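Everything below concerns the one structure shown next.
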Amino acid sequence: MTPEELSATIRACLIEGIEAGTFDLDAADVPEIQVERPRQREHGDWATNAAMLLAKRAGSTPREFANALAGILATKPGIDSAETAGPGFLNIRLAADAAGELARTIVQLGADYGRGESLTGKTVNIEFVSANPTGPIHLGGTRWAAVGDSIARLLEFHGARVIREYYFNDHGTQIDRFAASLLAVVLGEETPEDGYAGQYIQDIADQILQDAAIAGEKYPLNAPREEELEFFRSRGVRLMFGEIKKSLAAFGVEFDVFFHEDSLHDSGKVAQALAELKASGSLYEAEGAWWLRSSEFGDEKDRVVIKSDGNAAYIAGDIAYIRDKHERGADLCIYLLGADHHGYVARLKAAAAALGYDPDSVEVIIGQMVSLVKDGGPVRMSKRAGTVVTMEDLVDAVGVDAARYALARSSADQTIDIDLDLLSSKSNANPVFYVQYAHARTAGVRRNAAEYGIVRDDAFDASLLTHEAEAKLLGLLGEFPRVVAQAAAFREQHRVARYLEEVANAYHGWYDRTRVTPQGDEPITDLHRTRLWLNDAARQVIANGLGLLGVSAPERM
RNA sequence: GCCCUCGUAGCUCAGCUGGAUAGAGCGUCGGACUUCUAAUCCGUAGGUCGCAGGUUCGAGUCCUGCCGGGGGCACCA
């Protein structure tokens with residue numbers, strides 16, 4: 001019996017009680033019943049606080065109400081016992097076969113176990129990383145890659161059509177500075193003010209010159225500076241773009257759309273959106289510039305959209321971009337931004353509102369910073385000095401799985417430390433190995449069972465799964481759909497990781513205390529076969545969960 | 001000054017959007033491999049949940065105010 005089925009059963013009992021006059025309530029007042037796993041195992045398999053929520057309205061006390069409900073519930077099939085506890089909790093114990101049935105359900109559902117429908121029919125655009133093509137993806141961007149892709153997978157698991165999108169700011173002063181920095185190293189000049197430094201600038205400049213030489217092109221020496229800059233600008237951006245795409249692909253993140261800010265300007269979409277806003281009165285002219293009335297939509301002040309020098313401000317592109325995303329079918333636009341951009345949230349929502357969209361169709365997830373620890377101390381990173389740690393560095397040091405897991409297992413609200421020594425260790429201290437090892441163990445058990453000739457389909461007797469460790473494991477496996485549903489609803493991928501760590505722990509404990517294969521000359525019994533179902537159910541849940549995090553589920557380690 | 005965010009075991013962090021005696025891993029200490037991988041398991045110790053009020057049957061969770069860390073407050077992107 002799944003928690004959902006139990007919840008429905010309790011609800012049916014309430015309706016039954018109302019019709020029998022036991023509860024002085026209206027059937028329409030009965031809410032969705034929440035069941036939860038009690039912290040203390042002695043409290044039973046599941047507990048509900050329904051009586052505490054409803055007693056007042058029914059003119060009863062929580063304990064009385066719970067007692068009456070328990071009386072009805074205890075008669076239902078699959079329920080072993082139901083008893084009132086504490087202030088009015090109802091502790092429920094499932095019959096062993098009802099609890100164990102879940103193992104077969106999970107195996108039969110396979111990769112679909114845990115899937116939900118809450119976003120079916122919705123199209124969600126999720127934009128993340130979006131690092132400027134002025135350098136490699138640094139540690140912060142790597143975090144959003146791991147988190148964003150995992151959230152995308154969760155939303156897809158709940159039925160959404162998801163567009164993973166990367167926005168390239170290839171328009172504006174950052175790019176100009178990047179070009180100027182490339183030119184500077186070629187000319188042997190100092191890095192310009194607000195420019196970019198580091199070995200990669202030298203590498204890219206060398207690459208540009210080499211490519212040009214191979215193509216028989218000459219770099220425009222002694223040409224007007226504008227021409228020199230343009231030469232390095234276009235080639236540098238293209239090379240950097242290629243590097244970024246390569247890193248992301250190696251990290252296992254596949255974007256559906258790489259969107260160039262330039263294209264919004266070139267296609268006239270920016271001009272068109274701004275013309276609309278002028279017509280609707282959302283833009284006004286003052287002090288030689290054009291302003292968006294963002295303060296009318298919740299921002300703390302109005303924002304300049306067209307600067308007094310006639311150039312578009314950054315937000316102009318974003319306005320057109322929001323329109324473009326909606327026109328491409330997005331019902332919801334999610335942005336992952338670093339904490340240093342939180343001031344931008346109100347502006348984005350205001351832009352959406354000014355365009356006539358629901359501000360809630362723009363959702364911004366603000367993530368905190370990542371820092372690096374090595375040899376027990378912090379590693380200083382400086383973009384100017386060129387000592388940033390890149391996505392590639394991290395993957396080289398610990399591998400994709402450890403990197404993605406470590407970055408996804410914490411709430412985005414939390415600043416995190418990435419400890420390189422810990423992530424390359426193979427022990428409990430490194431959670432990704434803990435979880436992956438549990439999966440590898442399930443696979444090992446399955447291989448051994450096959451060698452013994454234990455065949456799952458020969459028998460399944462749920463009532464045999466009576467061991468304490470089995471009850472614990474089954475209870476956790478049953479929670480997977482709800483963990484996924486909450487993770488998807490709150491956009492909190494870390495819940496999946498934390499849950500998997502619990503499942504891994506329960507599996508390791510079960511593995512330690514029970515056996516799937518017979519010892520010595522023992523004959524193969526239905527208990528062995530039934531346990532193989534449970535083993536495979538645990539494997540399936542861990543594999544499904546790791547899949548949502550973009551982490552591999554190895555068969556052997 | 002204003003805004004966002006965090007503050008939970010020695011350390012790194014969970015805490016299921018208000019529920020029972022606040023959890024996990026690491027680190028302490030002590031146990032468990034002749035039979036499915038010990039990259040594991042079991043036990044032990046460790047807490048005024050930053051502080052002070054409030055809301056209610058009940059608060060780590062919600063509200064207010066302080067304290068402390070981080071981030072942000074551009075006609076930069």
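A note on names: the letters A, B, ... follow the listed sequences, proteins ahead of strands, and every chain is numbered from 1. Given the structure is predicted, the values throughout are model-derived calculations rather than measurements.
Comparing B:rA20, B:rC41, B:rG19 by their closest approach to the side chain of A:A85 singles out B:rA20. Listed nucleotides: B:rG19, B:rC6, B:rC41. Nearest to the side chain of A:R513: B:rC41.
Listed by chain and number, the residues in a salt bridge (Lys or Arg N to Asp or Glu O under 4.0 Å) with A:E127 are A:K325 (sequence neighbours excluded). When the side-chain contact (heavy atoms from CB on, under 4.5 Å) test is applied to A:E451, no partner is found at least two apart in sequence or on another chain. Partners of A:W510 by side chain to side chain donor-acceptor pair (under 3.5 Å), not counting sequence neighbours, listed by chain and number: A:E470, A:T514.
The distance from atom OH of A:Y511 to atom P of B:rC42 is 14 Å, rounded to the nearest whole Å.
Formation of a donor-acceptor pair under 3.5 Å by the A:H439 side chain with backbone atoms of A:P554 is found in this model. No donor-acceptor pair under 3.5 Å is formed between the side chain of A:E502 and the backbone N or O of A:L476. Checked by atom type and distance alone, the side chain of A:W533 pairs as donor or acceptor with a backbone atom of A:R456 at under 3.5 Å.
The same atom, P, is picked in B:rG10 and in B:rC49; the two are 13 Å apart, to the nearest Å.
Ionic pairing of A:E193 and A:R177 is not present here: no N-O contact between side-chain nitrogen and carboxylate oxygen is shorter than 4.0 angstrom.
For A:N505 and B:rC41, the shortest distance from a side-chain N or O to OP1 or OP2 is below 4.0 Å. OP1 and OP2 of B:rC26 both lie 4.0 Å or more from every side-chain N or O belonging to A:Y434.
Contact annotation for A:T61: no contact, since no heavy-atom pair falls under 4.0 Å across all strands. Within the 4.0 angstrom heavy-atom criterion, no nucleotide atom of any strand lies near A:A449. Base contact: A:G520 has a heavy atom under 4.0 Å from a base atom.
Ring-centre distance between A:F259 and A:Y321: below the 6.0 Å cut-off. Aromatic ring centroids of A:F23 and A:F65 lie under 6.0 Å apart.
A donor-acceptor pair shorter than 3.5 Å can be found between the side chains of A:Y284 and A:D302.
Between the base of B:rA38 and the side chain of A:D512 there is no donor-acceptor pair shorter than 3.5 Å.
Secondary structure note: stems in RNA chain B built from 3 or more consecutive Watson-Crick or G-U wobble pairs under 3.5 Å occupy B:1-7 with B:67-73, B:10-13 with B:23-26, B:29-32 with B:40-43, B:50-54 with B:62-66.
For B:rC33, the base adopts the syn conformation, since its glycosidic angle falls within 90 degrees of zero.
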Using a cutoff of under 3.5 Å, can you pull out all pairs of nitrogen or oxygen atoms linking the protein to nucleotides 11-18 of chain B, with atom names and distances?
{"from": "B:rC13", "atom 1": "OP1", "to": "A:T415", "atom 2": "O", "distance (Å)": "3.3"}
{"from": "B:rC13", "atom 1": "O2'", "to": "A:R498", "atom 2": "NH1", "distance (Å)": "2.7"}
{"from": "B:rC13", "atom 1": "O2'", "to": "A:R498", "atom 2": "NH2", "distance (Å)": "2.3"}
{"from": "B:rA14", "atom 1": "OP1", "to": "A:S411", "atom 2": "N", "distance (Å)": "3.1"}
{"from": "B:rA14", "atom 1": "OP2", "to": "A:Q414", "atom 2": "OE1", "distance (Å)": "3.3"}
{"from": "B:rG15", "atom 1": "OP1", "to": "A:H494", "atom 2": "NE2", "distance (Å)": "3.1"}
{"from": "B:rC16", "atom 1": "O3'", "to": "A:Q486", "atom 2": "NE2", "distance (Å)": "3.2"}
{"from": "B:rC16", "atom 1": "O2'", "to": "A:Q486", "atom 2": "OE1", "distance (Å)": "2.1"}
{"from": "B:rC16", "atom 1": "O2'", "to": "A:Q486", "atom 2": "NE2", "distance (Å)": "2.2"}

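Residue A:F433 holds its CZ atom at 12.0 Å from OH of A:Y405, rounded to the nearest 0.5 Å.
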(request) Report, as a single string ordered 5' to 3', how protein heavy atoms within less than 4.0 Å touch nucleotides 71-77 of chain B: B base, S sugar-phosphate only, - not at all. (result) BSS-BSB
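Under a cut-off of 6.0 angstrom, the local environment of CD in A:E468 is sparse, with at most 12 non-hydrogen atoms contributed by other residues, nucleotides or ligands.
When each of A:G86 and A:T517 is assigned the nucleotide of RNA chain B bearing its nearest heavy atom, the one mapping closer to the 5' terminus is A:G86.
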